[in-house]
Amino acid sequence: MKKSMTPFEREAMLLGLLQQFIEEKLTHGQLLMQLRKKVLGFSQERYASLAGISRRTLSDVEQDKESITLTTLNRVFKPLGLKLGLLPRQKHMMQELLSNLTQQGAPDDHS
């Protein structure tokens, strides 16, 4: 029997997989499959039902089929609290963006 993860372990795994995706080490299909299996422990059938799509559509997304729409991709990532967006391709721009986002999330020293 598989050991269940704590919420903190789930979040750490989710963030690690997202980092791999941002670093282009995973495709969106590979990311979804890893999140579905490792973070949630769901079968394709169960996750497809949760996302409101067919198991076949989920399979197509996980296999990175070309015909998947943006609407479908957003639908499959929604149960995980994720949505698709635009990211800069240039590494220096990505680092700047992440740095700016980190600074925005830092506690305000003026309180």
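The residues of the chain are indexed from 1 along the displayed sequence. Keep in mind that this is a model prediction, so the values were computed, not measured.
How far CG of Asp60 is from OG1 of Thr72: 10.0 Å, rounded to the nearest 0.5 Å. Taking CD from Gln63 and CD1 from Ile68, the interatomic distance works out to 9.5 Å, rounded to the nearest 0.5 Å. Note that CG of Leu35 and CE of Met13 are 9.5 Å apart. Values are rounded to the nearest 0.5 Å. Taking CD of Glu96 as the start and CG of Leu101 as the end, the distance is 10.0 Å to the nearest 0.5 Å. Once rounded to the nearest 0.5 Å, the distance linking NZ of Lys65 with OG of Ser59 reads 7.0 Å. We find the NE2-CG distance between His28 and Leu73 to be 4.5 Å, quoted to the nearest 0.5 Å.
Within the structure, the side chain to side chain donor-acceptor pair (under 3.5 Å) test picks out no pair touching residues 74-84 (sequence neighbours left out).
Two residues are said to be in side-chain contact when any heavy atoms from C-beta on lie closer than 4.5 Å; Glu23 and Gln19 meet this criterion. Within the 4.5 Å cutoff, the side chain of Met94 has heavy atoms near those of the Ile22 side chain. Inter-residue side-chain proximity for Tyr47 and Arg55 is flagged as unmet; no heavy-atom pair is nearer than 4.5 Å.
Between the side chains of Gln95 and Ser99, no donor-acceptor pair of N or O atoms lies under 3.5 Å. Counted by atom type alone, Gln30 and Gln34 present zero donor-acceptor pairs between their side chains at under 3.5 Å.
The number of heavy-atom neighbours closer than 6.0 Å to CE of Met93, taken from other residues, nucleotides and ligands shown, is 12 or below.
Taking every heavy atom of both residues into account, Val76 and Ala51 meet most closely at CA-CB, 4.2 Å. Between Leu26 and Phe21, the closest heavy-atom pair is O-CD1, 3.3 Å.
In this structure Glu62 satisfies the side-chain contact (heavy atoms from CB on, under 4.5 Å) test together with Leu32, Met33, Arg36, Gln44, Leu58, sequence neighbours excluded.
At least one donor-acceptor pair closer than 3.5 Å links the side chain of Arg10 to the backbone N or O of Val39. A donor-acceptor distance shorter than 3.5 angstrom exists from the side chain of Asp64 to the backbone of Gly29, with no hydrogens or angles considered.
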Test side-chain contact (heavy atoms from CB on, under 4.5 Å) on Leu97 and Leu87 and set out the steps.
-> CA-CA 9 Å; Leu97 174 63; Leu87 295 172; 4.3 Å; yes
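Hydrophobic clustering of Ile, Leu, Val, Met, Phe, Trp and Tyr side chains at less than 4.5 Å, counting indirect connections, keeps Phe8 apart from Leu15.
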